[in-house]
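Taking it in order: structure first as structure tokens, then the write-up.
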Amino acid sequence: MKKRVLLQVAAVALMGGCIASAVHAEDTIKIGLVLPMTGPFASTGRQIDAAVKLYLAQYGDKVAGKRVEVLLKDDAGVADTTRRLAQELVVNDKVAVLAGFGLTPLAFATAPIATQSKTPMVVMAAATSSITERSPFIVRSGFTLPQVTLGVAEWAAKNKIKKVVTLVSDYGPGIDAEKTFKERMLLNGGQVLAELRVPVANPDFAPFLQRVRDAQPEAVFVFVPSGVGSAFMKQFAERGLDKAGIRLLATGDVVDDDILNNMGDVALGVISSHHYSAAHPSALNKKFVEAFGKANNGMRPNFMGVGGYDGMHVIVEGLKASKGAGGEALLNAMKGQIFESPRGQVLIDAQTRDVVQDVYIRKVERVNGQLWNVEFDALKAVKDPGKSK
Ligand code: PHB
């Protein structure tokens, strides 16, 4: 008799446990956030993680009566790891959406998983044009290299710069930047004297900078991924290229707000184009920069942080519209969203699932003792020009 009662108690307890966990699962919407939190590109992970946390702190983590739960995984910037983590998040954790993706190869590696499992995948950082064509489930909240390169290429033409050398990291985004800059240059009657590609990991810029010097261009156009700009600028100064009268033109990745302030005088006057500067003079951006700094020991948000912040906006607004459902309902609710971001107005193009945004021309200036990318001109509502035609 005693034994039977005990068994009944155990069974009830077990059932209770099951119900509790089922209720718990129903009550949460999971976002699988895969980022390089360690390794050479950890600054991208740190920025996006901080931005995602800030978004939820500011706007709340309740959507459609459920709690949004972010599962953060570190892929250390290794594509095989990204793929494995994404697979686990989809199969085991049943996430409604995958997000993050700090580098192009990491986004490429995950695209087939998004397609097969019909899981929306929000690319917050990786910026090779073709990423969105790898899966119909990909939505991008960051930018593309052709999109931002256009601005500085046009600036060069307007300022009568005719002879340039290009120097880019030798992978997707670098090749996109090189191609866009060259096409624009030639279209505007300029000349590209040399096209240099440097290794992505731990590059030694010295031999490439020597080749730039030897070619005697009026300017060198540079793309390196976020975080690498400091090493580049240091060697640029050490080789005396700034003193040799060779102008540095870049995408904003090189003079990234996360590291700009520590670059010193060599960065002064650098012209770049990009979709985000922490100095963007809007009320919303001022609020964003202040809150981001407050929550993160004074850290300045960079374009990766903004890609993460806006990616969360796209997901949360999408979930509101889909009433908390993931899959195709969420994907459809993310398409066509239009909103004010700290960078300015942003549209998620319903056809391409890529981001349409203003691209600013900026100059590094010292303001109140700190270095900033000060915006002085803009191309309005730029669509990615890099899609295969
Ligand atoms: C990329 O790998 O797509 C990437 C990474 C960092 C950047 C830009 C592009 O700053």
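Each ligand, and each atom within it, is numbered from 1 in the order the structure gives.
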Of all the atoms in ligand 1, which lie at a distance below 4.0 Å from a heavy atom belonging to [X]?
{"X": "Met304", "value": "6 (C), 7 (C), 10 (O)"}
{"X": "Asp253", "value": "7 (C), 8 (C), 10 (O)"}
{"X": "Leu103", "value": "1 (C), 2 (O), 5 (C)"}
{"X": "Ser226", "value": "6 (C), 7 (C), 10 (O)"}
{"X": "Phe303", "value": "10 (O)"}
{"X": "Thr104", "value": "1 (C), 2 (O), 3 (O)"}
{"X": "Pro225", "value": "5 (C), 6 (C), 7 (C), 10 (O)"}
{"X": "Gly102", "value": "5 (C)"}

Worksheet item: Among all residues two or more places apart in sequence or in another chain, which pass the side chain to side chain donor-acceptor pair (under 3.5 Å) test with Gln191?
Response: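 With neighbours one apart ignored, the set is empty.
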### Query
Among all residues two or more places apart in sequence or in another chain, which pass the side chain to side chain donor-acceptor pair (under 3.5 Å) test with Tyr55?
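Residues passing side chain to side chain donor-acceptor pair (under 3.5 Å) with Tyr55: His313.
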**Report entry** Contact check, side chains of Ser277 and Trp372, non-hydrogen atoms, under 4.5 Å
**Finding:** no
Charged N-O contact under 4.0 Å between [X] and [Y]:
{"X": "Asp214", "Y": "Arg211", "answer": "no"}
{"X": "Lys182", "Y": "Glu195", "answer": "yes"}
{"X": "Asp49", "Y": "Lys53", "answer": "yes"}

Tell me which part of [X] gets within contact of ligand 1: side chain, backbone, both or neither, using heavy atoms under 4.0 Å.
{"X": "Phe108", "answer": "neither"}
{"X": "Pro173", "answer": "side chain"}
{"X": "Tyr171", "answer": "side chain"}

request  = State, without any angle test, whether Glu375 and Tyr276 hold a side-chain donor-acceptor pair at a distance under 3.5 Å.
outcome  = no
Only one of Lys380, Lys383, Gln147 passes side chain to side chain donor-acceptor pair (under 3.5 Å) with Gln357, and that residue is Gln147
| Sole residue of Asp258, Asp256, Asp253, Asp257 in side chain to side chain donor-acceptor pair (under 3.5 Å) with Asn302 |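 That would be Asp256.
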Backbone or side chain, does any N or O of Ala127 fall under 3.5 Å from an N or O of ligand 1? yes
Margin query: Would Ala107 count as a contact residue for ligand 1, given that I'm defining contact as a non-hydrogen atom of the residue lying under 4.0 Å from a ligand atom?
Written below: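 No; Ala107 lies far enough from ligand 1 that no heavy-atom distance drops under 4.0 Å.
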